[in-house]
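Working notes, beginning with the structure itself.
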Number of protein chains: 2
Amino acid sequence: MHETKAGPPAPVAAHEVLAVIFQIRQRRLSVLLWRRARPPYEGMWVLPGGRIGATEGLDESIRRQLAQKVDVCDLTHLEQLETRGDPGRHPNGRTLATSYLGLVPAGTDPATPEDTTWHPASDLPPMGFDHAAMVHAGRRRLRAKLSYTNIGFALAPREFTMSELSGYYSAALGHDVAATNLRRVLLRRGQIEETGESVPSGRSGGRPAALFRFRARELEITDAFAVLRPPSRE
Amino acid sequence: MHETKAGPPAPVAAHEVLAVIFQIRQRRLSVLLWRRARPPYEGMWVLPGGRIGATEGLDESIRRQLAQKVDVCDLTHLEQLETRGDPGRHPNGRTLATSYLGLVPAGTDPATPEDTTWHPASDLPPMGFDHAAMVHAGRRRLRAKLSYTNIGFALAPREFTMSELSGYYSAALGHDVAATNLRRVLLRRGQIEETGESVPSGRSGGRPAALFRFRARELEITDAFAVLRPPSRE
DNA sequence: ACAAAAGTGTTGAGGGTACACCCATGG
DNA sequence: CCATGGGTGTACCCTCAACACTTTTGT
């Protein structure tokens, strides 16, 4: 079954990896897009990525290809999203595509080539192929994970104030998040901790803000079993 | 970037689709496996599936291939899990694999070929390739979705009593689920409703059990925004 | 002193588990 | 009338949103 012994020749197809790279920029969730210079979809915007190499894994491949677009040091999170393989998705012939969700922390400004720019995720330009659907899948995934994992670490810089962090959450979720309650939720879950330092207040006054950091910088599920959790005792 | 204009020939690879098919059988979460008749991994157990056809989509392909193993009418849910593409995952040459999670309702007994049998998911036989990892991914996905979606509809038959349903949940989750509370949770969420009929009690007596059904028979998220939900008013 | 921004205390609602209790049926 | 299994009522707990109130700074 895995090797068809007879019958039609083994079907093979081109395979590409693509990345939905998000960053909070100017208080908006933004995605890194690349402007296509030739048909099909010439002049439209597409996700960065490309064909996989003959001997590399999928994760490996998207990391390699992103290194040309985004400094790898800036990429704080990367996870697989979905694979699309409708026969008609690529006009030039059968091509499967595996998309990834990547996150870059706010505050950094990775050097990107001229033909790639950041676009607000809520106001996408005309996009080629099925890439717009992938952006939406990425946004859904991010929003969901913000509520039950520590994925915020990948959106925020190493250290941050609570009002900054609530800004990142608001931008990603698309609605207001009160800094005062966010602080308690993330502290109770053990996601963040105080650094002990604080930021002097600006010219308009105000109490100086304490600095926080995420305790872990890799994905952890902090709120599993919200319901239907196992019984407390046997 | 999508079409390498020069350089090495376009890298292509074989692509297969595989399915982690779960069903609750004898109060255990079971997975349908196929016994390999030839190397590599001869005699070990693998997931049903195979190479995709030249002109079919991924979902289409796995559905077609499963039709030979499991009656399609019995397949109440199917969703993509993950794609694996490590160069070394297939000894006979580069092969990418996209795995799916499929569910068959309890009570049915789909006709399966001789070389496929059901195995308890918590006690897997020796498995070939990276298929055991896919089974675990499937089980994690199922467990997670049981707590925030109506995916139970795909595990249960059309109509069921609450104690039967709690049995399915217990088997899938791996811990006890009290029928009395499950009833309230699922009713409040609008996932299930009474049919109005009931099942006569057995020879040992007891009050007759009311029959329920799921209101929807496709996946719905019923408990989104458990936390960090949008503000109640603007 | 006053405005501004950060942080704390408190209240109330919602949703879930646990468990005692009531109900319907067979022997 | 008792055992058995289903169904209801309820108490408690935990988490979070909302909001008033306090603290700390700049001008």
Side-chain angles (χ1 to χ4, degrees), chain A residues 146-150 152 159-167 169-170 173 175-212 221-234, chain B residues 146-150 152 159-167 169-170 173 175-212 221-234:
Chain A
L146 276 173
S147 87
Y148 69 92
T149 73
N150 66 343
E159 303 193 341
F160 47 84
T161 67
M162 283 315 297
S163 67
E164 284 163 3
L165 189 63
S166 89
Y169 273 74
S170 301
L173 290 171
H175 62 76
D176 277 1
V177 174
T180 173
N181 287 331
L182 184 64
R183 171 205 187 95
R184 265 184 291 227
V185 170
L186 298 188
L187 277 175
R188 165 167 26 199
R189 294 181 175 181
Q191 285 190 25
I192 61 173
E193 64 189 1
E194 281 193 75
T195 67
E197 287 171 63
S198 60
V199 166
S201 46
R203 38 206 157 292
S204 61
R207 179 168 167 173
L211 278 176
F212 290 80
I221 294 176
T222 59
D223 204 38
F225 296 120
V227 294
L228 299 183
R229 57 176 171 274
S232 45
R233 63 180 198 193
E234 312 244 317
Chain B
L146 275 173
S147 87
Y148 69 93
T149 73
N150 67 342
E159 303 194 340
F160 47 84
T161 67
M162 284 317 295
S163 66
E164 284 163 1
L165 189 65
S166 89
Y169 274 73
S170 301
L173 291 171
H175 62 77
D176 277 1
V177 175
T180 174
N181 287 331
L182 183 64
R183 171 204 186 94
R184 263 184 294 228
V185 169
L186 298 187
L187 276 174
R188 166 167 25 200
R189 293 181 175 181
Q191 285 190 26
I192 60 174
E193 63 189 3
E194 281 192 75
T195 67
E197 290 170 61
S198 59
V199 167
S201 46
R203 38 207 156 292
S204 62
R207 178 168 168 175
L211 279 174
F212 290 80
I221 294 174
T222 59
D223 203 40
F225 296 120
V227 294
L228 299 181
R229 58 176 171 274
S232 46
R233 60 180 200 193
E234 317 242 316

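Residue numbers start from 1 in every chain, and the chains themselves are labelled A, B, ... in the order their sequence lines are given, proteins ahead of strands. This one's a predicted model, so the numbers in the text were calculated from it and none came from an experiment.
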Polar side-chain atom of Ser170(B) near backbone of Val177(B) as donor-acceptor pair, under 3.5 Å: yes

Residue met sooner reading DNA chain C from 5', once Arg207(B) and Ala178(B) are mapped to nucleotides: Ala178(B)

Touch class at under 4.0 angstrom, heavy-atom based, for Arg183(B) against every strand present: sugar-phosphate

Interatomic distance where CD1 belongs to Ile192(A) and P belongs to dG7(C) [whole Å]: 10 Å

Side-chain-base donor-acceptor pair under 3.5 Å for Arg184(A) and dG9(C): yes

Distance-only side-chain donor-acceptor flag, Glu159(A) / Thr195(A), under 3.5 Å: no

Length of the line joining Arg188(A):CZ and dT15(D):P, which is rounded to integer Å: 5 Å

Out of dC19(C), dG27(C), dA18(D), whichever nucleotide has its closest atom nearest the side chain of Asn181(A): dA18(D)

Closest to the Arg189(B) side chain, choosing from dC19(D), dT8(D), dG16(C): dG16(C)

N or O in side chain of Ser198(A) less than 4.0 angstrom from dA6(C) OP1/OP2: no

Among dG7(C), dA6(C), dC16(D), the one nearest Asp223(A) by side-chain distance: dC16(D)

Taking every non-hydrogen atom, the tightest pair across Ser163(B) and Ala179(B): CA-CB, 4.2 Å

Touch class at under 4.0 angstrom, heavy-atom based, for Thr161(A) against every strand present: nothing

Ser163(A) vs dA6(C): side-chain N/O to OP1/OP2 distance below 4.0 Å: yes

Distance-only check: which donor-acceptor pairs under 3.5 Å involve side-chain atoms of residues 200-210 of chain A, not counting sequence neighbours?
unit_1, atom_1, unit_2, atom_2, d
Ser201(A), OG, Gly206(A), O, 2.9

Donor-acceptor pair under 3.5 Å, Thr180(A) side chain vs dT8(C) base: yes

Sugar-phosphate, base or nothing in reach of Ala210(B), heavy atoms under 4.0 Å: sugar-phosphate

